[in-house]
Amino acid sequence: MFKKALLSAVALFALTGHAQAEELKEFRVGIIGGENEADRLRNYQCLVDKLPAAIGVEKVSLFPAADYDGVIQGLLGGTLDYAELGASGYAKIYLAKADAVEPILTTVQTDGSTGYHSIMVARKDSGITKLEDLKGKKLGFADPDSTSGYLVPLVTLPEAIGAPVKEYFGETGFGGGHENLVLEVVKGTFDAGTTFGSGVGEFKDGYTSGNLRKMVDKGIVDMNDLVELWKSPLIPNGPIVVRTALNGDMKAKFKQFMIDLPKTDAACFSAIQGGDFTGFVEVNSEFYKPIIDARKATIGG
């Protein structure tokens with residue numbers, strides 16, 4: 001009996017050791033949904049080219065998910081090594097398994113802040129110019145796991161409109177990610193929708209970063225067709241997370257690579273972040289505690 005148990009333990013150790021050796025050869029990058037897949041792959045290609053030499057792996061593989069939850073489940077299941085999440089997406093992981101990933105860095109806006117805003121937009125020709133005009137109308141959210149596209153509006157809009165979201169609006173729905181949501185607002189599927197932007201710079205430019213700016217840069221939205229109805233309080237910028245089980249040396253090398261990226265390859269930094277930022281700052285789970293608490297109190301894990 002003892003011999004059988006010992007052999008089983010040795011076999012398990014061998015399999016575990018093999019898995020660890022395998023994971024050091026390939027670094028798996030999760031890319032959340034909400035933007036055209038081809039664009040996401042193109043924006044992250046620079047990591048495929050540069051990361052192997054920097055962190056000592058044979059290859060970097062990209063895994064673009066159809067939505068936010070695809071990446072969240074990949075991180076929880078240990079099949080992804082790194083991703084950039086919204087704060088609410090990280091909160092969902094933390095509430096399910098607090099030690100699954102480590103938040104290590106977040107971006108810094110051009111004004112020095114480490115936050116951004118939920119931005120509610122409507123078609124300019126709709127005649128809707130303020131929140132009061134939306135009573136009884138259809139509001140679109142980006143994704144159930146989006147911070148700016150769902151959680152923050154759900155928590156902070158009631159104070160602005162004087163009523164719970166479900167009571168104030170005639171109907172709500174999801175647009176299938178930030179980019180598609182804005183396109184659905186332009187098409188008239190929703191009377192208004194919530195997306196995100198830095199809040200720095202001018203609305204007419206899509207601000208300095210965020211979904212609106214990316215859409216402007218790609219030429220798929222004209223800000224002259226939109227009007228801003230509401231801007232949320234400042235939201236903590238989402239974290240860069242790494243799988244906790246990665247060995248410490250790889251995590252340290254990856255973190256340093258990202259910290260250096262704005263200087264070593266500004267174009268790559270801008271591509272993966274989607275706009276103008278000055279760089280990164282270190283964060284940990286405490287930085288996201290308000291969002292974790294808000295998610296736990298409203299929509300749960």
Side-chain angles (χ1 to χ4, degrees), residues 31-35 40 43 68 71 83-92 103-121 140-157 159-160 175 177-182 185 192-218 221 223 226 228-241 258 261-262 269-295:
I31 311 175
I32 60 175
E35 186 180 5
R40 286 182 284 158
N43 289 339
Y68 283 44
V71 168
E84 301 206 18
L85 303 171
S88 183
Y90 168 67
K92 183 174 183 176
I104 57 171
L105 299 168
T106 194
T107 47
V108 179
Q109 306 286 8
T110 56
D111 68 345
S113 69
T114 53
Y116 66 112
H117 299 269
S118 173
I119 309 290
M120 185 187 293
V121 296
F141 296 114
D143 185 284
D145 292 315
S146 170
T147 316
S148 58
Y150 185 52
L151 177 63
V152 167
L154 195 67
V155 172
T156 62
L157 264 177
E159 182 177 351
H178 285 277
E179 185 176 286
N180 197 57
L181 171 71
V182 174
V185 170
T194 54
T195 185
F196 70 98
S198 66
V200 180
E202 301 291 333
F203 176 76
K204 65 180 178 63
D205 300 322
Y207 294 117
T208 57
S209 65
N211 179 58
L212 293 170
R213 178 57 179 266
K214 286 192 287 187
M215 294 182 74
V216 168
D217 289 346
K218 289 193 289 186
V221 73
M223 295 302 290
L226 299 173
E228 180 178 296
L229 306 178
W230 171 80
K231 183 189 296 180
S232 76
L234 197 67
I235 305 167
N237 284 342
I240 287 177
V241 301
M258 295 301 287
L261 191 59
F269 173 64
S270 179
I272 62 176
Q273 298 306 321
D276 295 331
F277 296 89
T278 60
F280 294 109
V281 65
E282 294 185 41
V283 292
N284 56 33
S285 60
E286 282 300 306
F287 185 74
Y288 297 101
K289 190 175 186 303
I291 299 297
I292 294 169
D293 292 344
R295 173 149 190 149

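All values derive from a computational prediction rather than experimental measurement.
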Checklist entry - Which residues pass the side chain to side chain donor-acceptor pair (under 3.5 Å) test with R213, sequence neighbours left out? => result D217

Item to check | Minimum-distance pair of heavy atoms, taken over all atoms of Y288 and P239 | outcome: OH-N, 3.2 Å

Next on the checklist: Are the side chains of M120 and L157 in contact, using a 4.5 Å heavy-atom criterion?
Outcome noted: yes

Checklist entry - Do T107 and Y116 come within less than 4.5 Å of each other through their side chains, counting heavy atoms only? => result no

Checklist entry - Is Y90 close to S285 at the side-chain level, that is, under 4.5 Å between some pair of heavy atoms? => result yes

Checklist entry - Roughly how far, to the nearest 0.5 Å, is the CG atom of L105 from the CG atom of L261? => result 11.0 Å

Item to check | Minimum heavy-atom distance R40-I31, with the two atoms named | outcome: NH1-O, 3.3 Å

Item to check | Any donor-acceptor pair under 3.5 Å from S198 side chain to Y207 backbone | outcome: no

Checklist entry - With sequence neighbours left out, what residues match S148 under side chain to side chain donor-acceptor pair (under 3.5 Å)? => result none

Checklist entry - Does the N180 side chain pair with the main chain of G175, one donor and one acceptor, at a distance under 3.5 Å? => result yes

Item to check | Residues forming a side chain to side chain contact (heavy atoms under 4.5 Å, CB included) with D205, sequence neighbours excluded | outcome: E202

Item to check | Atom pair CG/CD1 of N211 and I119 - distance to nearest 0.5 Å | outcome: 11.0 Å

Checklist outcome for this item: Of all heavy-atom pairs linking E179 and M215, the shortest is O-CE, 3.5 Å

Item to check | Residues which pass salt bridge (Lys or Arg N to Asp or Glu O under 4.0 Å) with D145, listed by chain and number, not counting sequence neighbours | outcome: K92, R295

Please table the atom pairs, donor to acceptor, closer than 3.5 Å between any side-chain atom in residues 269-284 and protein atoms at least two apart or in another chain.
from : atom 1 : to   : atom 2 : distance (Å)
S270 : OG     : G275 : O      : 3.3
Q273 : NE2    : E84  : OE1    : 3.0
Q273 : NE2    : E84  : OE2    : 2.9
T278 : OG1    : V108 : O      : 3.4
E282 : OE1    : K255 : NZ     : 2.9
N284 : OD1    : E286 : N      : 3.0

Checklist entry - Has the side chain of S113 got a donor or acceptor atom that lies under 3.5 Å from a matching backbone atom of Q109? => result no

Item to check | L181 side, atom CG; T194 side, atom OG1 - distance, nearest 0.5 Å | outcome: 6.0 Å

Checklist entry - So how far is it from F196 CZ to I235 CD1, rounded to the nearest 0.5 Å? => result 10.0 Å

Item to check | Listed partners of Y68 passing side chain to side chain donor-acceptor pair (under 3.5 Å), at least two apart | outcome: H178

Checklist outcome for this item: For E159, the side chain to side chain contact (heavy atoms under 4.5 Å, CB included) test, sequence neighbours excluded, returns none

Checklist outcome for this item: Residues A192 and V185: closest non-hydrogen pair is C-CG2, 3.8 Å

Checklist entry - Is the backbone N or O of S232 less than 3.5 Å from a side-chain atom of H117, with the two atoms forming a donor-acceptor pair by type? => result yes

Checklist entry - Hey, which of S88, P153, P236 is the one that makes side-chain contact (heavy atoms from CB on, under 4.5 Å) with T147? => result S88

Next on the checklist: Taking the side chain as everything from C-beta on, heavy atoms only, tell me whether L212 gets closer than 4.5 Å to L226.
Outcome noted: yes

Item to check | Straight-line distance of I240 CD1 to T106 OG1, nearest 0.5 Å | outcome: 7.5 Å

Checklist entry - With sequence neighbours excluded, what pairs up with K289 under the side chain to side chain donor-acceptor pair (under 3.5 Å) test? => result D293

Next on the checklist: Could you check whether any side-chain heavy atom of F287 comes within less than 4.5 Å of a side-chain heavy atom of P103, counting everything from C-beta outward?
Outcome noted: no

